[in-house]
Protein chains: 2
Amino acid sequence: MFNDQLMVDNGVELLTEDACWALLSRAEVGRVGVTVAALPAIFPVNYAVLGRAVVFRTAPGTKLAAATSGEVVAFEVDEFAGADRSGWSVLAVGRAEVVHDLDVTVKVLEAGLEPWADGTRVNVVRVAPTFISGRRLVHD
Amino acid sequence: MFNDQLMVDNGVELLTEDACWALLSRAEVGRVGVTVAALPAIFPVNYAVLGRAVVFRTAPGTKLAAATSGEVVAFEVDEFAGADRSGWSVLAVGRAEVVHDLDVTVKVLEAGLEPWADGTRVNVVRVAPTFISGRRLVHD
């Protein structure tokens with residue numbers, strides 16, 4: 001089905017890139033999909049949007065290891081409500097990199113991006129996606 | 001840090017396997033991490049727990065393609081609250097398989113597992129994880 005407003009496929013509306021970024025900007029927790037020892041893994045992070053990139057903080061470990069090696073990661077955010085079966089999701093895919101630029105780090109701190117977990121998470125990781133897509137459940 | 005009750009690492013409590021299954025059983029929406037065309041992707045699904053396996057329904061497509069090829073997938077569920085920075089997440093990893101056993105399919109239907117999206121999602125996919133881990137944020 002296709003009209004001027006919506007592109008709907010099997011009960012799912014496909015979102016524009018701008019709509020995807022608007023949704024990414026309003027959520028707080030997303031999930032990073034990486035490969036660890038040849039197996040897929042998903043880790044939740046609280047994050048911020050800076051320009052057209054996603055940034056989050058992390059301690060040295062699997063997510064960071066992925067980031068430092070410049071690995072391509074998946075970043076997903078969603079929001080669903082069981083009561084009316086409504087919801088949306090956005091998937092962004094791109095290379096993850098550790099931020100060494102002090103200007104960017106300052107902006108991240110100014111944006112108030114503090115890890116929700118206690119402990120030390122000194123590294124800032126940035127994903128500027130080369131691919132972004134979003135879907136919203138549509139009911140008749 | 002270690003005591004009889006908790007194992008805490010950098011602000012995160014590690015959960016037992018039983019605690020992980022208890023949390024998986026009470027949530028409704030999880031995320032499947034797969035590889036599509038050599039790139040990582042994450043898709044949300046509403047799901048149910050049957051025994052020590054996760055089941056969800058899907059239409060033919062990427063998730064199903066992963067499942068039919070017996071690919072190892074990541075399955076993640078989490079719940080976070082920004083107000084007090086509380087939350088937990090569970091990660092399960094295992095081979096995904098399309099369910100052909102009619103008994104299992106009947107149980108899935110009896111469990112009331114209906115896709116939240118409109119449209120046709122006739123296939124039942126099952127992930128019996130070989131690995132499961134969970135974390136909960138702990139604040140002093």
Side-chain angles (χ1 to χ4, degrees), chain A residues 8-13 27-36 38-46 58-61 66 71-82 84-94 114-121 130-131 133 135-140, chain B residues 8-13 27-46 59-61 66 71-82 84-94 114-121 130-131 133 135-140:
Chain A
V8 176
D9 178 29
N10 208 22
V12 174
E13 174 197 352
E28 288 187 294
V29 174
R31 289 131 207 124
V32 182
V34 292
T35 302
V36 179
L39 291 174
I42 300 175
F43 299 101
V45 292
N46 62 303
T58 181
E71 197 182 312
V72 174
V73 303
F75 185 80
E76 190 261 6
V77 178
D78 63 49
E79 209 175 283
F80 291 94
D84 59 357
R85 298 185 170 193
S86 67
W88 56 267
S89 66
V90 170
L91 173 65
V93 178
E114 280 197 33
W116 288 5
D118 291 348
T120 312
R121 282 166 181 78
T130 51
F131 166 88
S133 73
R135 294 138 167 253
R136 188 193 301 273
L137 297 184
V138 179
H139 300 291
D140 292 334
Chain B
V8 175
D9 178 28
N10 208 21
V12 174
E13 174 196 351
E28 288 187 294
V29 174
R31 291 133 204 119
V32 183
V34 292
T35 302
V36 179
L39 291 174
I42 300 175
F43 299 101
V45 293
N46 62 303
E71 197 184 312
V72 173
V73 303
F75 184 80
E76 190 262 5
V77 178
D78 63 49
E79 210 174 283
F80 290 95
D84 59 357
R85 299 184 168 192
S86 67
W88 56 266
S89 66
V90 170
L91 173 65
V93 178
E114 281 198 33
W116 289 5
D118 291 349
T120 311
R121 282 166 181 78
T130 50
F131 166 88
S133 73
R135 294 138 166 255
R136 187 192 300 273
L137 296 184
V138 179
H139 298 292
D140 293 334

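Convention: sequence-line order gives letters A, B, ...; per-chain numbering from 1. These numbers come from a predicted model, not from an experiment.
Separating the CG atom in L39(A) from the OG1 atom in T130(B) is a distance of 7.5 Å, to the nearest 0.5 Å.
Side-chain contact between V72(B) and P40(A) is present, with heavy atoms from C-beta onward closer than 4.5 Å.
Residue contact with chain B, scored on non-hydrogen atoms closer than 4.5 Å, involves the backbone of V32(A) exclusively. Only the backbone of A81(A) comes within less than 4.5 Å of a heavy atom of chain B; no side-chain atom from C-beta onward does. If you measure heavy-atom distances from L91(A) to chain B, the contacts under 4.5 Å come from the side chain alone.
Contact tally against chain B (heavy-atom pairs below 4.5 Å) for P44(A), G33(A), A38(A): the top residue is P44(A).
Closest approach of R31(A) to I42(B), counting heavy atoms only: O-CD1, 3.7 Å.
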